[in-house]
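Notes to accompany the following structure.
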There are 2 protein chains.
Amino acid sequence: MSQEGSPCGPAAARAPLRESPWRASRERLRDRQVKREAVIRAAAHAFNRKGYHNTSLDDIAAALEVSKPTVYYYVSNKEQLLFECFVAGIEPIRAAFREARLMKAPARERLKAVLRHYGRAVASEFGWCMVRAEDQDLAPAMSGHIKALKSEIDQGIRRLLREGMQDGSIHPCDPKMTAFALAGALNWIAHWYRDSHSLSGAEIAEAFISVFESGLTPRQSAESAGAPRHVSARLAR
Amino acid sequence: MSQEGSPCGPAAARAPLRESPWRASRERLRDRQVKREAVIRAAAHAFNRKGYHNTSLDDIAAALEVSKPTVYYYVSNKEQLLFECFVAGIEPIRAAFREARLMKAPARERLKAVLRHYGRAVASEFGWCMVRAEDQDLAPAMSGHIKALKSEIDQGIRRLLREGMQDGSIHPCDPKMTAFALAGALNWIAHWYRDSHSLSGAEIAEAFISVFESGLTPRQSAESAGAPRHVSARLAR
DNA sequence: TAGGATGGCTACCCGCGAGTATGATGCATG
DNA sequence: CATGCATCATACTCGCGGGTAGCCATCCTA
């Protein structure tokens, strides 16, 4: 996805047999897919910079140096464009959950692995669209899809939290609220990560995870410097 | 702000002297202020439900059972309406910082106090507007104001974190990233708190704070139930 | 080389919504 | 009663932007 020169697997594999009469048409199909993705990426960038409502399809077309009907040739309407960006943003997170399910490790480690991917996804070029795809902006059908996908993520986090509380790797907590807190913190990355790209998505995720993991209260099992003296563990009330 | 019957101080104080020829005009002025606030609250509610861009001024006028020019009689334009909602949302947080500055307690407690107010503010009727007031949607002037106010909050949190690390009440951490994580989690409340009002803003803030405070990793200084056994402190890497 | 499929452009339609011109009503003052 | 100010409604302008109609170019296939 970093450059357009990434041919999707099957088409590239069958490229050698040039005698097929369908070669050209398959190539065109692949070209079309590449262009379609370019449109979606251009939309994502525009939404990033100016927001969904402040981006016109003329803007997107201009960024691609084509005209508006060309954009409409690849996507049916603006709403679908947002939806595609959303899916592109959220898919890596779903993949992270599938991956985590195969890990044989305590739930806290599996959760951390998911959150790492989550953070990277939010900091990616589709992060903004994923995070900010509002049900208010979309017709009921798409809104339903998006809600379902978001809920899937949310439930996945809650499940990992519950599993962690069972296997003892996670401190007892309210899974719902905790999942909201974790996801919220990570989602919010999309709001401030546009201009200041001083850190990579992975680095941000790592920093956040370390906060989530140990919390604000100092631990006497000092693993860093710090000298909590007159304030030891829990102070008031 | 909870009801319209809250007369601002000075006007109410001078109400007894009815002989003043300016009484009527002052009363009208107060009425005007009350109505203006009603307009702003109506706007906030509409923005809550449908978002800024999907709310027309006709909608707001209809909600107030007046016509559009009436709305324009109290505010100069839509953008200013959003700005007023933003300020109404963020002001309690600024107040919380001022209040915290007077507290004589470890920084972690002062921070918690601020975060409690923060959470309540985000869950308030202006929370959505405060959180979602985009610089992209506003002219440079207002955008600058908003950015400054947001930055003020951010810097305030960072300062409390640093102070906490100095007085030993807060675990060593990167103040910038940690502030982002805290504010992000709380900001995100505005996204899911619209429909499901099962918890109050204060309750949510409390739940979040307990997550931030102790983190996910179980502590052997068990203050809750739970039996972290085979996984004691820090597991891998 | 004809004919169809693919890909693209110019030029348009049209509705929505921000903002306004104009004037009516009512109330206080003189 | 006349004047003036405050308040609000009807009815409008107008530009932006989503979406489309219709036409042209190219290239593959027969």
Side-chain angles (χ1 to χ4, degrees), chain A residues 4 11 18-39 42-43 46-47 49-85 136-139 142, chain B residues 4 11 18-39 42-43 46-47 49-85 136-139 142:
Chain A
E4 298 190 355
R18 307 180 59 89
E19 72 282 2
S20 162
W22 296 100
R23 189 187 66 88
S25 91
R26 270 190 287 102
E27 242 174 30
R28 271 219 303 267
L29 216 62
R30 199 203 56 187
D31 283 1
R32 183 185 168 86
Q33 189 58 28
V34 167
K35 290 185 185 174
R36 186 184 148 89
E37 283 172 9
V39 169
F47 294 158
R49 285 213 332 278
K50 312 179 13 177
Y52 177 70
H53 288 283
N54 297 319
T55 299
S56 73
L57 284 181
D58 284 305
D59 292 337
I60 297 172
L64 291 165
E65 292 181 310
V66 296
S67 68
K68 189 162 56 170
T70 302
V71 173
Y72 274 95
Y73 182 70
Y74 292 99
V75 296
S76 60
N77 52 31
K78 190 181 181 182
E79 167 176 84
Q80 195 203 353
L81 213 40
L82 178 59
F83 182 73
E84 298 283 357
C85 292
Q136 318 154 342
D137 298 333
L138 296 116
M142 295 225 165
Chain B
E4 297 191 356
R18 307 182 59 90
E19 72 281 5
S20 161
W22 295 100
R23 190 189 63 87
S25 91
R26 269 191 289 102
E27 241 174 29
R28 269 219 304 268
L29 216 61
R30 199 202 56 186
D31 283 1
R32 183 185 167 84
Q33 189 58 28
V34 167
K35 290 185 185 175
R36 187 184 147 88
E37 283 173 9
V39 169
F47 294 159
R49 283 212 335 276
K50 312 182 5 178
Y52 177 70
H53 289 283
N54 298 317
T55 299
S56 74
L57 284 182
D58 284 303
D59 292 338
I60 297 172
L64 291 164
E65 291 179 312
V66 297
S67 68
K68 190 161 55 171
T70 303
V71 173
Y72 273 96
Y73 182 70
Y74 291 101
V75 296
S76 60
N77 52 31
K78 190 181 180 182
E79 166 176 86
Q80 194 203 354
L81 213 40
L82 178 58
F83 181 73
E84 299 283 358
C85 292
Q136 318 153 342
D137 297 334
L138 294 113
M142 295 225 166

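Predicted, not measured: the structure shown is a model, and the values here were computed from it. Chain identifiers are assigned alphabetically (A, B, ...) following the order of the sequence lines, protein sequences preceding nucleic acid strands; residue numbering begins at 1 within each chain. Because only heavy atoms are used, hydrogens play no part in the values below, and waters and symmetry mates are left out as well, while side chains stay in.
A sub-4.0 Å separation between OP1 or OP2 of dA6(D) and a side-chain N or O of Arg32(B) is absent. Residue Lys35(B) has a polar side-chain atom (N or O) positioned under 4.0 Å from OP1 or OP2 of dC8(D).
Between Tyr73(A) and Arg32(A) there is a side-chain heavy-atom pair separated by less than 4.5 Å. Residues Gln80(A) and Asn77(A) form a side-chain contact, since some pair of their non-hydrogen atoms from C-beta on lies under 4.5 Å apart.
Where Ser56(A) and Glu65(B) each meet DNA chain D at their nearest nucleotide, the meeting point lying more 5' is that of Glu65(B).
The interatomic distance linking Asp31(A) (CG) with dT26(D) (C1') rounds to 14 Å, in whole Å. In this structure, Phe47(B) places its CZ atom 13 Å from C1' of dG17(C), rounding to the nearest Å. Here the C1' atom of nucleotide dT10(C) and the CG atom of Asp58(A) are 13 Å apart, to the nearest Å. The distance from atom CG of Leu57(A) to atom P of dT20(D) is 11 Å, rounded to the nearest whole Å. Per the geometry, CG belonging to Leu81(A) stands 16 Å off P belonging to dG17(D), to the nearest Å. Distance CD (Gln33(A)) to P (dT6(C)): 15 Å, rounded to an integer number of Å. Straight-line distance from the OH atom of Tyr52(B) to the P atom of dG17(C): 13 Å, rounded to whole Å. Regarding Arg36(B), its CZ atom lies at a distance of 16 Å from the C1' atom of dT7(D), rounded to whole Å.
A heavy atom lying under 4.0 Å from DNA chain C marks the following residues of residues 67-78 of chain A, by number: Ser67(A), Pro69(A), Thr70(A), Tyr73(A), Tyr74(A).
To the nearest 0.5 Å, atom OH of residue Tyr74(B) and atom CD of residue Glu37(B) are 12.0 Å apart. A distance of 11.0 Å separates CZ in Phe83(A) from OG in Ser76(A), rounded to the nearest 0.5 Å.
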Open item on the list: Please evaluate residues Ile60(B) and Lys78(B) with respect to the criterion side-chain contact (heavy atoms from CB on, under 4.5 Å), reporting the C-alpha separation (whole Å), side-chain torsions for both, the decisive distance (0.1 Å), and the verdict.
Closed with: CA-CA 10 Å; Ile60(B) 297 172; Lys78(B) 190 181 180 182; 6.0 Å; no
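Neither side chain, His53(B) nor Asp137(A), offers a donor N or O lying under 3.5 Å from an acceptor on the other.
Judged purely by atom type and a 3.5 angstrom limit, Asn54(B) uses its side chain to pair as donor or acceptor with the backbone of Lys50(B).
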